[in-house]
Structures are given as structure tokens and as C-alpha cells.
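Notes follow the structure.
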Amino acid sequence: MNYLPLALVALGSINLAQAAESDTYISNGQVYHSRGWVVEFGAGYNSDIIKEQKNDYKFAFGDHNRFGPRVNVGYHGDRFNADLDKGINYRLYGKDRDAITFSTYLTGNGLWLDKDVSKVLAGMEERRISVDLGLNMDIKVGPRGVLSTNFQHDISGEYKGYVAGVRYQQILNLGRLDLVPFVGVSYNSAKFNDHYFGVSKKEALPKRAQYEAKAGVNYDIGYQLILPLSSNWRITQQTSYTRLSKEIADSPITDSRNQWSANLMASYRF
């Protein structure tokens with residue numbers, strides 16, 4: 001099959017000669033770069049959080065594979081946003097230019113843990129990703145900085161606890177390229193940490209000691225780069241580092257408290 005015509009069509013749709021202005025913005029605690037329907041595809045990397053974790057592509061859309069494909073489909077509107085990888089959110093109060101806005105959101109949380117993830121988990125009860133309902137407040141700091149605070153609680157009955165956090169994000173315009181550095185702190189309730197990283201008495205083994213995880217604080221820092229190629233196409237790259245709490249790090253099933261994540265994505269806006 002001759003792929004040259006398809007390649008020419010793709011290049012023509014990108015049209016690098018066309019002026020492509022940045023439209024990056026922060027809404028409801030999230031960074032967006034396109035309004036309307038969006039399809040994203042690329043590759044990503046995550047550190048192993050569980051000891052002897054398998055690099056299995058069946059987990060390509062979660063956090064369990066070290067390296068693999070990433071795909072997202074979403075809709076971004078003025079007040080409502082929905083993404084496969086982030087969940088849905090809706091602005092309850094305020095407009096884009098207001099100093100303070102409030103939004104509610106529904107998202108997945110936690111980890112999918114069973115013996116297929118790692119042999120270290122053999123004999124333990126399966127843990128599943130929860131469904132959390134949350135409230136977010138965005139506070140504008142300067143012309144393009146946003147301080148976001150959030151609180152969310154499990155409504156699926158998976159871990160029956162809550163998490164909360166604060167994150168500062170700043171949009172820096174570097175010509176056609178936008179750089180969005182961020183730094184944040186998150187708090188996991190004891191119910192969250194113990195559900196996903198605790199080891200009950202009946203799950204304990206000689207090489208897997210009983211462990212009760214308490215509440216803890218995590219720290220993260222990173223950046224996102226957004227390069228518009230045309231009015232439709234974007235290239236994004238994100239890297240982040242998370243320092244997990246001691247309460248998670250001390251678990252006998254945790255591989256490392258130093259967690260790295262990176263991805264490179266291409267997106268098309270309809």
C-alpha cells in the first residue's frame with residue numbers, strides 16, 4: 001500500500017505555515033489547551049510503585065505499566081469538561097476571568113492491584129480504582145497563575161476515605177510554546193493509604209509483614225509543555241516527580257517513594 005498520499009494529507013492538515021497562537025488555560029483545577037472535542041495519543045512512562053511490578057500493556061490506560069501507549073478522548077467547554085483520563089468536572093460558580101471559581105468533579109482514584117500486577121500481591125484481596133466526588137476552588141494569582149485546592153471523597157465504597165490537595169500552576173508564554181510548571185501537596189486519609197498499601201493480618205506472610213498505613217502527605221513538582229502546530233494540532237509533553245509519604249513508602253509492597261511520570265502526546269481538536 002502506498003502511504004505517501006496519507007502522509008501528505010496529514011502534513012497538509014497540520015499546515016505549519018499557518019499561524020498557531022497559544023490558547024492554554026487553567027480551569028477547574030486542570031490545564032487545557034483546546035476547547036471542543038479532542039483526541040490525544042502518544043506514549044508515557046511511570047515508575048513502578050509496587051515491588052516486582054510487571055510491565056504489562058494490558059494496563060496501558062492506567063498507572064501499572066512502566067512504558068506504553070496513552071490515549072485520551074475528551075470534550076472541553078466553558079463550564080463542563082470530560083476526559084477519559086481525568087474524569088468530568090463542572091464549574092458551579094464564577095467565570096474565566098473571575099478571581100475565584102468553584103467546581104465539582106467526578107474522577108477515578110487509587111490503584112488497580114491484584115496478582116496480575118505483581119507476584120508480591122499474590123494472596124492479597126484485590127484493590128480496585130474508586131470513583132470519587134470532589135470540590136475544587138481555583139484562586140487566580142497574577143495574570144496567569146492559579147492556586148487550586150481540592151477535596152474528594154470515595155463514593156464507590158472502595159476505600160471509604162478521602163484525599164485533599166493544593167497545587168499552584170503558572171502559564172509561561174515562550175513564543176509559540178507554553179510552559180506550565182506546577183508544584184503541589186496532597187493529603188491521603190488513613191483509609192486511602194491503608195486500603196491500597198496496608199497488609200492485613202490474614203494477608204501477612206513471612207516475606208510480607210502485616211502493615212497498617214496511616215494518613216500521610218505527598219509532594220509533587222513538574223511541568224507541562226504545549227506547542228501548537230496549527231489551529232487543530234498540538235504537541236504536549238509532561239514530566240512530574242512525586243515524593244510519596246513515609247506511610248506509603250514503609251509498606252512492604254511499595255517499591256519506591258520516588259515516583260516519576262512522563263508522557264509525549266499529540267492532540268487533534270475537532
Side-chain angles (χ1 to χ4, degrees), residues 40-72 84-87 107-130 132 154 158-159 161 163 165 167 182-200 203-224 236-265:
E40 299 176 293
F41 53 92
Y45 166 88
N46 291 291
S47 300
D48 291 346
I49 193 169
I50 303 297
K51 290 179 178 177
E52 300 182 40
Q53 190 169 302
K54 299 176 183 178
N55 186 26
D56 192 335
Y57 282 97
K58 70 183 288 188
F59 300 112
F61 301 102
D63 295 327
H64 293 309
N65 67 309
R66 192 175 301 114
F67 179 83
R70 299 289 187 269
V71 177
N72 178 54
L84 288 179
D85 62 350
K86 298 176 184 176
T107 188
N109 195 18
L111 300 168
W112 190 298
L113 301 179
D114 58 28
K115 60 182 177 59
D116 291 329
V117 174
S118 170
K119 63 181 182 181
V120 170
L121 303 175
M124 295 183 65
E125 291 185 4
E126 295 181 352
R127 275 73 161 169
R128 293 290 180 256
I129 293 175
S130 70
D132 288 12
D154 172 29
E158 178 64 28
Y159 69 91
V163 300
R167 172 177 285 195
F182 59 85
V183 60
V185 179
S186 62
Y187 175 86
N188 294 347
S189 67
K191 288 185 177 180
F192 177 93
N193 280 350
D194 193 50
H195 179 72
Y196 289 107
F197 300 97
V199 178
S200 67
E203 294 172 332
L205 296 172
K207 294 185 178 181
R208 188 175 64 209
Q210 181 179 352
Y211 181 73
E212 181 180 357
K214 304 294 185 181
V217 176
N218 313 302
Y219 304 90
D220 71 288
I221 188 170
Y223 68 86
Q224 183 173 166
T236 63
Q237 195 280 314
Q238 179 170 316
T239 299
S240 65
Y241 166 76
T242 301
R243 177 75 168 174
L244 297 175
S245 67
K246 184 177 184 298
E247 289 73 19
I248 294 178
D250 287 346
S251 169
I253 67 173
T254 300
D255 183 71
S256 173
R257 71 184 302 180
N258 299 308
Q259 294 293 304
W260 289 91
S261 176
N263 64 55
L264 178 64
M265 306 286 288

Closest non-hydrogen atoms of F67 and A43, given as atom of the first, atom of the second and distance, are CZ-CB, 3.9 Å
Check: Y196/N109 side-chain N/O donor and acceptor closer than 3.5 Å: no
Has R208 got a side-chain atom pairing as donor or acceptor with A122's backbone, closer than 3.5 angstrom? yes
Is the backbone N or O of F197 less than 3.5 Å from a side-chain atom of S251, with the two atoms forming a donor-acceptor pair by type? yes
Where Q237 and T239 come nearest, the two heavy atoms and their spacing: NE2-OG1, 2.9 Å
Straight-line distance of K51 NZ to D255 CG, nearest 0.5 Å: 8.0 Å
If only atom types and distance count, is the side chain of S47 paired as donor or acceptor with the main-chain N or O of Q259 below 3.5 Å? no
Heavy-atom nearest pair, S200 first then Q210, reads C-CG, 4.0 Å
What one should report as the nearest heavy-atom pair of V117 and L113 is CG2-CA, 4.2 Å
So, does T254 use its side chain to make a donor-acceptor pair with the main chain of I248 at under 3.5 Å? yes
Would you call K119 and E52 a salt bridge, using N to O less than 4.0 angstrom? yes
What is the distance from atom OG1 of T107 to atom CG of D85, rounded to the nearest 0.5 Å? 9.0 Å
Return the minimal non-hydrogen interatomic distance between Y211 and D194, and the atom names on each side. O-OD1, 3.7 Å
Between N72 and K86, is there a side-chain heavy-atom distance shorter than 4.5 Å? no
Could you tell me whether the side chains of S261 and N46 share a donor-acceptor contact shorter than 3.5 Å? yes
Considering only heavy atoms from C-beta outward, does the side chain of E40 approach that of R70 to under 4.5 Å? no
Side-chain heavy-atom pair W112, E126 within 4.5 angstrom cut-off: no
Parallel, tilted or perpendicular: which fits the ring planes of Y159 and F192, with parallel below 30° and perpendicular above 60°? perpendicular
Pairwise distance CG(L264) to CD(Q238) - rounded to 0.5 angstrom: 11.5 Å
Hey, is E203 close enough to R127 for a salt bridge, meaning N to O under 4.0 Å? yes
Between the main-chain N or O of G216 and the side-chain N or O of N188, is there a donor-acceptor pair closer than 3.5 Å? no
Have a look at E158 and tell me which of K191, H195, R128 forms a side chain to side chain donor-acceptor pair (under 3.5 Å) with it. H195
With rounding to the nearest 0.5 angstrom, report the OH to OG distance, Y219 to S186. 9.5 Å
Any side-chain to backbone donor/acceptor pair from S130 onto D132? Under 3.5 Å, distance only. no
Side chain to side chain contact (heavy atoms under 4.5 Å, CB included) evaluation trace for I49 with L244: CA-CA 10 Å; I49 193 169; L244 297 175; 4.0 Å; yes
Donor-acceptor contact present, side-chain N193 to main-chain K214, <3.5 Å: yes
If you measure only the distance, is there a donor-acceptor pair under 3.5 Å linking the side chains of R243 and N258? yes
For A204 against A209, the heavy-atom pair lying closest together: CB-C, 4.2 Å
